[in-house]
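Because the structure is predicted, anything quoted here is derived from the model rather than measured. Side chains included, hydrogens not; waters and symmetry mates left out as well; all remaining heavy atoms used.
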Amino acid sequence: MLVFDFDWSLINENSDTWVIEQCAPQIYEDIKALRCEMQWTKLMDYAVGLMMTQHGVTIDDIAASLHRIPIFEENIAIIRHCHKLDIDMAIISDANTYYIDEILNHLNLRHMFKYLITNSSALEDNVLRIRAHQAEEKPHSCIHCPVNLCKGAVLDTILQEYRDRGAVVYVGDGSGDFCPSLRLTVQDTICCRENWTLHKKVMKERSFAAMIRPWKN
């Protein structure tokens, strides 16, 4: 199985901040200043609501910005190649369903992924609302992950479907990818973006089992 984180791993940007910078750059600094006061998913829900209700941004504007987002062409080639080989693929991300679906559908890749686990999103009264994958009133106990998503628990749930799961290749970059990396075994590989947070963390983890493959591009 090939498992991707999305932002800065499958795509070469942060889709959350990209949309704000592209569609309503005048609010970007104000939103960034709220980072320490609000949980990230709630902040993105607030930011998108502000863009759409007070700054005239439409869902078509958001879609157009997502179609322009940077992505490594090699990643597209890898995904298509693995699909031809019938390798199951998954995305586990702290972005949201609308952003990821829109980007992948634009690239004709969405149908190639068996699993997509991320924060939910839907249009409500012409405003895109973003909701946490895991509600605060039903917390997980993971010390490594943000309150809305434990990627390690998600990976465990996916792999429970396989009697003989085979090897897992996990592509990631940030601290949120550390927990699922700890679930990997000696038969697995973690492709971590070189000198980013995930790479630094796994290099410090003495009991880390999987093969470590840093990447730059």
Side-chain angles (χ1 to χ4, degrees), residues 4-73 75-76 79 90-111 113 115-139 145-151 154 171-177 193 196-198:
F4 274 101
D5 169 48
F6 194 68
D7 294 329
W8 297 118
S9 294
L10 197 158
I11 63 172
N12 195 26
E13 251 296 345
N14 180 326
S15 56
D16 285 330
T17 56
W18 172 267
V19 167
I20 299 170
E21 290 180 290
Q22 295 290 308
C23 295
Q26 65 272 33
I27 71 168
Y28 180 75
E29 291 301 324
D30 291 337
I31 295 299
K32 190 165 67 171
L34 292 172
R35 178 68 182 91
C36 296
E37 300 178 24
M38 297 179 67
Q39 191 273 331
W40 184 257
T41 309
K42 290 182 177 179
L43 180 58
M44 290 303 101
D45 178 63
Y46 169 77
V48 173
L50 185 64
M51 292 193 306
M52 299 184 79
T53 59
Q54 298 188 30
H55 294 275
V57 175
T58 67
I59 195 66
D60 289 338
D61 295 329
I62 293 175
S65 75
L66 293 169
H67 296 170
R68 299 190 300 268
I69 205 160
I71 181 170
F72 293 118
E73 291 295 325
N75 278 0
I76 298 174
I79 292 164
I91 292 171
I92 308 175
S93 169
D94 201 14
N96 66 79
T97 52
Y98 179 79
Y99 289 5
I100 297 176
D101 281 341
E102 190 64 36
I103 292 169
L104 295 183
N105 283 326
H106 180 66
L107 298 168
N108 196 29
L109 299 176
R110 178 63 184 91
H111 66 286
F113 286 88
Y115 305 94
L116 169 58
I117 298 91
T118 186
N119 301 301
S120 63
S121 55
L123 275 177
E124 299 176 12
D125 298 323
N126 294 318
V127 175
L128 184 67
R129 302 305 307 271
I130 302 169
R131 307 296 189 197
H133 173 74
Q134 185 161 347
E136 288 186 23
E137 56 269 23
K138 296 181 179 180
C145 295
V147 295
N148 62 297
L149 177 63
C150 174
K151 289 185 177 182
V154 169
V171 183
D173 64 274
S175 59
D177 300 310
R193 195 158 185 172
W196 288 50
T197 306
L198 175 62

Could you state the interatomic distance from [atom1] ([X]) to [atom2] ([Y]), rounded to the nearest 0.5 Å?
X    : Y    : atom1 : atom2 : value
T17  : R35  : OG1   : CZ    : 11.0 Å
I59  : N126 : CD1   : CG    : 9.5 Å
D16  : L43  : CG    : CG    : 9.0 Å
I103 : I71  : CD1   : CD1   : 7.5 Å

Indicate yes or no for a side-chain donor-acceptor contact from [X] to the backbone of [Y] under 3.5 Å, with no hydrogens or angles considered.
X    : Y    : answer
N75  : L10  : yes
D125 : V127 : no
D7   : S15  : yes
N119 : A95  : yes
T97  : S121 : yes
T118 : S93  : yes

[X] and [Y]: which non-hydrogen atoms are nearest, and at how many Å?
X    : Y    : answer
Y99  : I62  : CE1-CG2, 3.9 Å
V48  : L128 : CG1-O, 3.5 Å
M52  : L123 : CE-CD2, 4.4 Å
H133 : V154 : NE2-CG2, 4.2 Å
D30  : Q26  : OD2-O, 4.5 Å
K151 : C145 : N-SG, 3.9 Å

Please assess Y98 against L66 for the test side-chain contact (heavy atoms from CB on, under 4.5 Å), listing each intermediate value before the final yes or no.
CA-CA 10 Å; Y98 179 79; L66 293 169; 4.0 Å; yes
Applying salt bridge (Lys or Arg N to Asp or Glu O under 4.0 Å) to R129 and not counting sequence neighbours gives D45
Under the salt bridge (Lys or Arg N to Asp or Glu O under 4.0 Å) test, residues paired with E29 that sit two or more places apart
K32
Using the side-chain contact (heavy atoms from CB on, under 4.5 Å) criterion, which residues pair with D173? Sequence neighbours excluded.
D5, W8, S9, D177, R193, W196
May I ask you to test the D61-Q22 pair for a side-chain heavy-atom distance under 4.5 Å?
no
Check: I20 and I27 side chains under 4.5 Å, non-hydrogen atoms
yes
Report the C-alpha distance between N96 and M44 in whole Å, list the side-chain angles of each, state the deciding distance to 0.1 Å, and finish with yes or no for side-chain contact (heavy atoms from CB on, under 4.5 Å).
CA-CA 10 Å; N96 66 79; M44 290 303 101; over 6 Å; no
Distance-only donor-acceptor pairs under 3.5 Å for side chains of residues 104-111, two or more places apart:
{"from": "N105", "atom 1": "ND2", "to": "D101", "atom 2": "O", "distance (Å)": "3.0"}
{"from": "R110", "atom 1": "NE", "to": "D101", "atom 2": "OD1", "distance (Å)": "2.7"}
{"from": "R110", "atom 1": "NH1", "to": "F113", "atom 2": "O", "distance (Å)": "3.4"}

So, using side chain to side chain donor-acceptor pair (under 3.5 Å) as the criterion, who are the partners of R131 when residues are at least two apart?
none
Under the ring pair (Phe, Tyr, Trp, His ring centres under 6.0 Å) rule, what pairs show up with a residue in residues 21-61, not counting sequence neighbours?
none
